[in-house]
Amino acid sequence: MVEIRFHGRGGQGAVTAANILVSVAYKSGLWGQAFPFFGAERRGAPVMAFARISNRRIRVRSMIRYPDIVVVLDPMLPKLVDVLKGLKPDGVVVANAPRKPDYVKGHEVYYVNASKIALDLNLVLAGWPLVNTAMLGALAKVLGFDIGVVEEAIKEYIGGERGEVNASAARRAYEEVVRCV
Amino acid sequence: MVEIRFHGRGGQGAVTAANILVSVAYKSGLWGQAFPFFGAERRGAPVMAFARISNRRIRVRSMIRYPDIVVVLDPMLPKLVDVLKGLKPDGVVVANAPRKPDYVKGHEVYYVNASKIALDLNLVLAGWPLVNTAMLGALAKVLGFDIGVVEEAIKEYIGGERGEVNASAARRAYEEVVRCV
Amino acid sequence: MPISIKDLPKEKLFLPGNASCPGCPEALGLKYLTMALGRKLMIVIPAGCTSIIQGLAPGGAFVFPTLNVPFASSDAVAAGLAAAKKILGEDAVVVAWGGDGGTADIGFATLSGAAERNDNVIHICVDNEAYMNTGIQRSSLTPFGAWTTTTWRGKRERKKELSLIMLMHKIPYVATASVGYPLDFIEKVRKAASIKGFKFIHLHAPCPVGWRFDPAKTVHVAKLAVETGMWILFEAENGKLRISPPSKPYADKSKRKPIKEYIRLQGRFRTLRDEDISILEKMVDDAWETILRLAER
Amino acid sequence: MPISIKDLPKEKLFLPGNASCPGCPEALGLKYLTMALGRKLMIVIPAGCTSIIQGLAPGGAFVFPTLNVPFASSDAVAAGLAAAKKILGEDAVVVAWGGDGGTADIGFATLSGAAERNDNVIHICVDNEAYMNTGIQRSSLTPFGAWTTTTWRGKRERKKELSLIMLMHKIPYVATASVGYPLDFIEKVRKAASIKGFKFIHLHAPCPVGWRFDPAKTVHVAKLAVETGMWILFEAENGKLRISPPSKPYADKSKRKPIKEYIRLQGRFRTLRDEDISILEKMVDDAWETILRLAER
Amino acid sequence: MVVKPLTGNYAAAYAAKLARVKVVAAYPITPQTTIVEKLAQFIDNGEMDAEMIRVESEHSALAAAYGAASGGVRAFTATSSHGLLYMHEMVWWVAGARVPLVMVIVTRTIGPPWNIWSDHSDLMDQRDSGWIIMMAEHNQEVLDETIKMFKITEDPRVFLPGMVGLDAFILSHTTEPVDLPGQELVDSFLPPRRQPYIMKAGDPILMGNVPRDLHDNMRMREDIHKSLEEAKKVIQEVDEEWYKLTGRRYGGLIECYRCEDADHFIIGMGAWVGDMREAADRLREKGIRVGVIKVRYVRPFPREELLKWLTNAKSVIVFDRGVSAGSAGQLFLDVAAHLMAAGVRVPVKNVLAGVTGLDVTYEDIADAVLKSVAEVEETGRFSTFIEWYYGR
Amino acid sequence: MVVKPLTGNYAAAYAAKLARVKVVAAYPITPQTTIVEKLAQFIDNGEMDAEMIRVESEHSALAAAYGAASGGVRAFTATSSHGLLYMHEMVWWVAGARVPLVMVIVTRTIGPPWNIWSDHSDLMDQRDSGWIIMMAEHNQEVLDETIKMFKITEDPRVFLPGMVGLDAFILSHTTEPVDLPGQELVDSFLPPRRQPYIMKAGDPILMGNVPRDLHDNMRMREDIHKSLEEAKKVIQEVDEEWYKLTGRRYGGLIECYRCEDADHFIIGMGAWVGDMREAADRLREKGIRVGVIKVRYVRPFPREELLKWLTNAKSVIVFDRGVSAGSAGQLFLDVAAHLMAAGVRVPVKNVLAGVTGLDVTYEDIADAVLKSVAEVEETGRFSTFIEWYYGR
Amino acid sequence: MNPHGKVLPISRPGPGVAGKTGTWRVMRPVYDPSKCVKCRLCWLYCPENVIDVNEGGERFISIDYDYCKGCGICSSVCPTGAIKMVPEGGA
Amino acid sequence: MNPHGKVLPISRPGPGVAGKTGTWRVMRPVYDPSKCVKCRLCWLYCPENVIDVNEGGERFISIDYDYCKGCGICSSVCPTGAIKMVPEGGA
Ligand SMILES: Cc1ncc(C[n+]2csc(CCOP(=O)(O)OP(=O)(O)O)c2C)c(N)n1
Ligand SMILES: Cc1ncc(C[n+]2csc(CCOP(=O)(O)OP(=O)(O)O)c2C)c(N)n1
Ligand code: SF4
Ligand code: SF4
Ligand code: SF4
Ligand code: SF4
Ligand code: SF4
Ligand code: SF4
Ligand SMILES: [Mg+2]
Ligand SMILES: [Mg+2]
């Protein structure tokens with residue numbers, strides 16, 4: 001079982017990303033589970049979402065305290081919250097960053113400039129790049145999912161033209177994501 | 001323990017009579033308990049009230065099904081309801097009636113013309129003689145209570161001039177009540 | 001269209017031998033209601049005297065479907081019932097029949113909610129100006145000065161202006177009525193039944209037991225309320241307010257009988273002092289003023 | 001007596017770092033409330049955004065006694081609290097601070113009851129026109145046409161005329177206010193505090209999250225509501241109704257800005273069709289008509 | 001001290017007056033109504049110095065009483081049946097807020113159909129909420145326990161609200177002599193109001209905002225439970241104190257009747273315990289050694305007290321006037337569960353009688369017990385654990 | 001049949017849609033809200049042919065659903081916590097009226113303080129009322145059981161309303177794959193609406209007027225109890241029928257996990273049963289033979305089913321996410337009482353965990369069980385029958 | 001009423017659900033057809049619904065004394081005094 | 001808070017109960033004293049209560065960035081454009 005924690009900001013779609021991941025997992029013959037850290041989710045406020053992926057039906061339902069993967073949607077967040085908290089020693093960070101993020105020490109890192117991808121594709125809400133689907137593409141790479149499946153899941157979830165654009169954001173990130181240790 | 005059932009009409013004060021009886025009993029060194037047959041008590045409708053008297057604290061609280069004494073406040077009632085229902089074979093009827101009431105067969109009867117006493121004393125409500133205190137006087141005779149105590153209890157309960165009048169109604173009935181078998 | 005007494009149906013859907021007190025205004029209202037709506041009537045009843053009047057199970061004095069419901073719930077239950085009847089395509093008029101307590105106190109949020117949603121229900125508030133079923137306690141519709149078993153020296157607050165409050169809900173139909181004016185009431189019920197959405201009728205119902213008057217006088221007291229101007233009959237369709245014929249003369253203050261005539265018949269006003277009567281008079285004038293301001297010109 | 005911005009107290013009884021969303025109108029209202037009443041303020045809060053805004057225990061952003069209470073209970077709790085303060089002879093102003101849902105829906109019977117009893121409480125309805133704390137569901141105060149998560153094609157019913165309904169309760173003080181006009185609101189709160197009995201203030205509170213506008217525009221949208229005539233500022237002392245200065249010009253229909261200006265700023269009205277806008281316009285005209293009828297002449 | 005014939009309801013009203021309640025908030029409902037009427041009369045006549053808030057519903061009745069109590073004064077309310085159910089949300093709230101106040105419950109069954117007679121389903125329906133809950137057997141106990149409940153609830157070891165239950169009509173409308181203590185006596189017994197916090201202007205505390213750490217919240221809930229456990233001692237103490245002043249005591253959480261040498265135990269609460277005593281006497285005349293345990297306080301549940309008596313019983317029969325439908329009688333569930341938890345081995349049986357208000361006589365009780373005891377004596381066990389008893 | 005990732009709340013909304021509910025009446029409350037939103041969306045988009053009554057409170061939500069159901073159509077509502085408490089009077093009423101309808105409860109703790117997390121006190125607080133009450137472990141079960149609940153409640157042997165519970169957030173806001181049956185399948189499974197009587201114009205019946213003879217009323221209450229007992233069979237049957245159509249069955253009233261050879265039993269209900277399974281597996285790795293009993297239906301209480309497994313157990317540990325303050329956990333009280341009534345002799349213990357919403361992991365459960373089992377293995381009994389467990 | 005063996009809180013209508021409510025009567029309305037102007041007001045206002053109109057009958061109205069509670073409303077609304085209240089039986 | 005060992009649902013006020021809410025900020029208000037006409041509107045309308053007025057100070061107003069959520073109201077109500085919203089950090 002892989003346990004994943006997403007860090008984002010209220011309004012950025014971290015929960016959506018986690019939910020779509022469940023779809024991707026199921027389409028890939030796996031089981032998935034996604035849940036938000038619920039609270040008063042204020043716009044701009046740091047928020048979290050969680051997901052589990054497993055090859056059999058997942059029955060545990062407690063919070064994820066020691067994730068295998070941490071996904072950081074907003075490059076500013078690591079300054080504000082401890083995104084690495086509880087990350088397993090062999091855990092992985094998937095970061096939205098233009099270059100290797102310096103806040104990670106001693107963990108495997110995948111990074112991709114998701115903000116740029118979003119801006120390029122005009123995925124913007126109130127001046128804000130919407131990076132969640134791009135980050136999902138990057139995560140798919142880390143988890144070894146077929147990006148075609150990810151695109152399909154995104155399009156099912158979002159629908160219409162916006163679904164298409166989000167799907168290509170995911171694909172671009174999938175292709176551009178850089179691994180380093 | 002003596003168990004008593006009062007028959008009257010809604011608005012006639014049968015419950016009041018039962019309540020005052022508790023007072024009389026207590027003042028006489030006995031224990032008393034009184035309760036109405038509760039229901040929607042409509043004016044004019046046949047109603048019942050109950051009392052128990054005992055020389056020790058009364059602990060039973062169920063309905064009285066087999067009374068020792070039945071008190072009939074309204075001379076018309078026996079035509080409408082079975083006032084003798086459940087009355088013990090050696091039970092007693094205390095009736096408001098100008099003469100020996102013919103609805104009683106085989107029971108000891110005490111009767112008094114309480115309506116007349118009430119009218120004489122101008123104890124009237126909406127054209128109706130208020131006979132409850134007079135009947136209490138008659139009942140006191142049957143139970144062997146001191147009529148002075150009865151008067152005292154009535155005056156405490158009712159107060160003012162109306163209390164006085166009611167007390168004298170009781171005394172008159174106490175004096176006028178006739179026993180026959 | 002005015003109806004005449006001869007046109008009224010004779011079929012008895014409200015049966016004799018029920019459990020109302022002698023001279024009961026709620027019984028009167030129920031009887032009129034059956035005359036107005038016949039077999040289309042379905043009634044939803046929160047706790048109140050009418051819960052008792054209908055009589056003991058397994059019998060019942062009502063020859064129409066009767067749903068007894070918790071005290072605060074009547075309009076919501078009625079809304080659900082009306083929705084079901086619509087879905088099933090049945091031709092029914094759903095009436096929520098609440099006392100002043102069930103309508104204006106504990107059930108008031110429910111009423112207001114159904115009004116705002118414009119649920120297809122007629123709410124009739126049968127207003128005997130106190131909680132009678134529990135033995136005469138004050139309600140928000142008890143008038144200023146009236147004795148009840150929770151206001152031993154007379155109520156100090158005014159009667160809530162329920163019908164104006166409902167008028168401000170901007171529902172399609174609001175009316176006041178009185179058990180003293182059955183034809184007016186029956187007409188209003190029928191009109192309400194012909195309109196889709198939420199309808200509110202406020203039925204004044206003088207109660208001999210709670211108001212302490214001779215049961216033979218129920219109709220008389222009801223009429224006096226109108227003749228003194230203490231109770232104003234009006235109706236408002238889509239917000240257009242018109243004074244109803246029985247009340248029309250009393251828009252002119254000089255035509256109104258002195259409210260003392262109304263008051264002195266009622267034991268509940270026994271302790272009213274003269275200054276209280278002036279306050280009541282002032283309240284009557286105010287009520288008329290507001291109504292006339294709001295009336296169609 | 002009009003107050004000026006310079007006279008306002010600087011003491012912060014509403015603390016930074018609270019949990020309101022950026023640009024929150026309830027936060028604005030709370031801040032003004034502390035400015036109006038200072039250390040005499042005691043607040044009773046039914047469930048709603050303000051339950052969250054105050055922040056997490058064992059801390060809190062409110063430097064005044066704050067009693068959180070069940071959703072339907074605020075005015076009754078406040079009435080009890082006010083009674084206790086009276087008995088203990090303490091100098092306190094008890095405010096029940098409810099959202100549109102807590103005030104006009106689930107808590108409406110409670111409000112109406114306290115109003116009728118004339119309990120010594122100020123009820124402030126902070127009206128963001130939906131259940132925001134649970135994620136933007138319609139309330140009775142949601143305007144016609146607005147999208148919410150329970151009205152996906154826009155609400156079909158009109159906004160309940162809450163302040164007129166409260167006016168018809170004949171309480172000593174009723175006022176409307178807006179977070180866009182803080183001085184007006186603060187004056188009204190202070191006036192209410194000076195009056196014994198039940199006071200009702202209806203505070204319009206445009207919410208960027210629920211109405212879908214840029215949080216920087218909260219004040220702007222609030223003002224537009226007044227300038228288009230969609231929100232009418234008035235006050236009524238002992239039933240005497242006066243239009244408040246910010247709204248005065250708009251009694252004249254020609255002075256009002258087109259309501260489209262107000263509507264197009266808000267995502268919640270995205271699906272509004274032209275005929276819906278006409279309906280809304282008609283509602284605005286009606287509201288003005290009623291208010292002007294009731295106003296002092 | 002004077003003796004006055006009083007109904008159970010009037011006894012409750014006098015108790016509130018004697019406790020110097022400052023705020024009464026109540027809404028009428030049969031059969032509670034005469035409590036409110038009497039208090040209104042006391043207040044309107046100036047015999048009682050209190051505010052009466054004539055609320056528009058029971059939810060508001062408890063809300064207003066709670067508001068007053070939070071503000072620092074003694075507050076009182078009373079209700080029944082649907083009224084209690086309608087205020088159910090507030091019932092939980094007041095306990096969670098740890099605000100002491102006293103509520104009298106005139107127990108009445110729950111509809112539909114409408115029915116005003118007594119059973120205990122309304123009161124027992126509140127048993128999870130964190131309130132102290134007791135049930136009186138007679139009018140004297142109504143008066144005594146209502147006064148005592150103020151002392152118990154305001155004890156710093158407790159700080160929880162409390163309910164005093166009495167059976168509809170069987171007590172509420174039944175008149176019997178009641179010893180009415182003098183005001184000075186009650187004043188000497190009841191200390192000035194104490195409570196864990198007071199809402200007052202200028203003292204900024206926040207009650208009830210969302211906890212950052214859920215552990216804190218769970219500890220609050222545990223503390224309610226633990227405080228109820230602590231209340232056991234307080235109830236006992238207060239019973240003794242009252243005894244010193246009045247000569248009346250009831251044994252604290254439970255009261256036993258002829259238990260010392262009993263083989264078989266009947267357990268019940270409320271007014272019919274009187275009839276149970278009578279039944280026990282009759283059964284003993286037939287040679288069956290029956291003891292009666294009256295559960296006075298059902299919350300806190302008198303686990304230890306019951307175990308003391310029941311560990312070596314031959315059988316235990318719990319009479320319930322209410323049922324947790326689809327399981328068993330509410331009192332039975334508690335009794336049986338705690339016996340089980342303590343590892344006690346004794347046949348237990350649940351008799352459901354008087355449910356929805358049927359009149360139950362001591363003959364009925366004796367009859368039901370007789371049959372049950374016969375079975376247990378013969379077979380050592382009960383063949384059915386639950387019996388719906390409609391009378392002989 | 002398609003598989004869709006759904007939250008528990010959406011699963012409930014889809015179930016109501018598939019059951020062809022005709023009237024939805026609901027009031028928002030976290031965490032139930034998304035059920036209502038989803039249904040509003042279905043209806044507003046024309047995907048579902050139903051009326052939505054957007055009521056002003058929960059009391060009215062259940063009242064309106066009840067009115068619709070009385071009028072002859074399938075009705076649905078959902079709520080949580082304070083919403084459920086606020087409608088408590090109606091909860092009793094609907095059962096008393098014998099009107100089938102289905103309500104989903106997203107379980108949430110009760111305030112103060114305000115707190116939106118899951119415990120079971122709100123749902124369990126309704127257990128006396130006469131409703132069928134079940135609690136789901138995962139989103140598939142939410143969907144399946146909500147559909148099945150219509151069939152169960154409308155069965156002429158039952159004719160009672162039913163609640164389907166799911167844990168706040170743990171299920172309600174957690175997305176996982178759910179097998180969504182097709183409309184035809186559900187149509188073939190669910191017969192047209194049946195109910196004991198229908199209110200319709202021209203057919204004069206009176207519902208709920210005062211009974212002349214209280215025996216009739218007591219028989220109504222007994223019949224509710226008995227109908228719940230009868231529902232046990234219906235629940236079993238419906239489980240099988242659904243299995244035939246979908247391949248999914250849950251064992252009826254309870255579901256057992258590794259019970260066959262178990263010495264020690266953990267009992268619980270709701271989402272954390274998944275974690276209990278995990279805990280059992282881990283404990284078995286340590287050689288402790290643990291079985292898990294998931295109580296699916298708590299009303300009717302699965303007395304016989306539990307007895308089957310527990311009669312020869314070495315110990316029984318009931319996990320409660322809620323407490324009847326001053327006594328013990330609600331589920332524990334039921335389990336222990338029925339074991340007692342059946343004369344079973346086994347050490348029982350109550351662990352109170354996750355109360356007010358604390359996160360409980362399978363490690364926590366394993367830890368609590370491990371310690372308890374160690375004690376019972378050593379001493380043959382539990383030294384304390386109740387433990388408040390806050391995590392390791 | 002009880003189609004599936006369930007015990008339901010359901011009733012069916014029938015007269016006299018509060019018993020023979022005529023027994024409540026203290027005063028009795030007595031009709032004098034000679035004074036009657038057939039206005040039907042007594043019929044309209046009788047709260048008990050116990051007055052019947054006999055179109056063309058000798059006695060235009062009739063009262064069902066089994067259930068008449070003797071409230072006196074008919075008498076008080078009768079414009080001609082055609083209904084008089086007289087004391088019921090003895091007392 | 002807890003005078004008798006009871007665990008109460010009671011809190012005491014303090015700033016930052018929702019954390020350093022300045023972290024929520026996406027846009028940052030920047031004050032230019034040279035344009036300021038000291039009207040105090042920003043102070044009045046800031047919903048966070050994070051603007052302070054420095055009577056006679058060089059910078060008439062100051063903003064507490066620890067808690068300013070960046071809503072932009074101050075900027076939008078400022079009559080002179082003395083407060084500008086600029087993007088916060090990278091993004
Ligand atoms: C929740 C609840 N509270 C209280 C009651 C008790 N109750 C029954 S009827 C009634 C008074 C009804 O008054 P109103 O609505 O004016 O009707 P009326 O009896 O006057 O016809 C009350 C308080 C109840 N049944 N349910
Ligand atoms: C009895 C009850 N029902 C529902 C809720 C859930 N709830 C909490 S806040 C809220 C909405 C509040 O809306 P409103 O009063 O308008 O205040 P706002 O959140 O908009 O400030 C709801 C429905 C509750 N807490 N209690
Ligand atoms: S109390 Fe009044 S309203 Fe109620 S039944 Fe009697 S007469 Fe009718
Ligand atoms: S949703 Fe609106 S009212 Fe609620 S806290 Fe956010 S901005 Fe304020
Ligand atoms: S006395 Fe009353 S009940 Fe009898 S007929 Fe006349 S109006 Fe009807
Ligand atoms: S009211 Fe009098 S005149 Fe009119 S029909 Fe009746 S009896 Fe005849
Ligand atoms: S941006 Fe908003 S929170 Fe920050 S100072 Fe300006 S008004 Fe205040
Ligand atoms: S609003 Fe602008 S001009 Fe006015 S004080 Fe603030 S910064 Fe200065
Ligand atoms: Mg009334
Ligand atoms: Mg709102």
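Keep in mind that this is a model prediction, so the values were computed, not measured. Any value given below was found using the heavy atoms of this structure, including those in side chains, with hydrogens, waters and symmetry copies removed. Chain naming here is simple, since letters A, B, ... match the order of the sequence lines and numbering starts at 1 in each.
Inter-residue side-chain proximity for F:Y27 and D:D105 is flagged as met; some heavy-atom pair is nearer than 4.5 Å. F:V36 places none of its side-chain heavy atoms less than 4.5 Å from the side chain of D:Q137. With contacts defined as side-chain heavy-atom distances shorter than 4.5 Å, the pair D:I106/F:E58 qualifies.
For the set F:E56, F:K38, F:M52, the entry with the most heavy-atom pairs within less than 4.5 Å of chain D is F:E56. Among the candidates D:S139, D:A57, D:A47, the residue making the largest number of heavy-atom pairs closer than 4.5 Å to chain F is D:A47.
Here the shortest heavy-atom pairing between F:T33 and D:T134 reads CG2-O, 3.5 Å. The shortest heavy-atom contact between D:W152 and F:D44 is N-OD2, 2.8 Å.
Interface remark: D:S140 contributes no atoms to any contact with chain F (heavy atom separation under 4.5 Å). At a 4.5 Å heavy-atom cutoff, F:L85 makes no contact with chain D through either its backbone or its side chain. Using a 4.5 Å cut-off between heavy atoms, D:A104 makes no contact with chain F at all. When heavy atoms are compared at a cutoff of 4.5 Å, D:T148 does not approach chain F at all.
The local environment of CZ in D:R270 is sparse, with at most 12 non-hydrogen atoms from other residues, nucleotides or ligands closer than 6.0 Å. Within 6.0 Å of the CG atom in F:D49, the count of heavy atoms belonging to other residues, nucleotides or ligands does not exceed 12.
Note: F:W114 CH2 to D:I45 CD1 = 11.0 Å, rounded to the nearest 0.5 Å. A distance of 10.5 Å separates OG1 of D:T151 from CD of F:E37, quoted to the nearest 0.5 Å. How far CD1 of F:I43 is from CZ of D:R153: 12.5 Å, rounded to the nearest 0.5 Å. Rounded to the nearest 0.5 angstrom, F:S57 OG and D:F108 CZ are separated by 13.5 Å.
When atom types are taken as modelled, the side chain of F:R54 and the backbone of D:R138 share no donor-acceptor pair closer than 3.5 angstrom.
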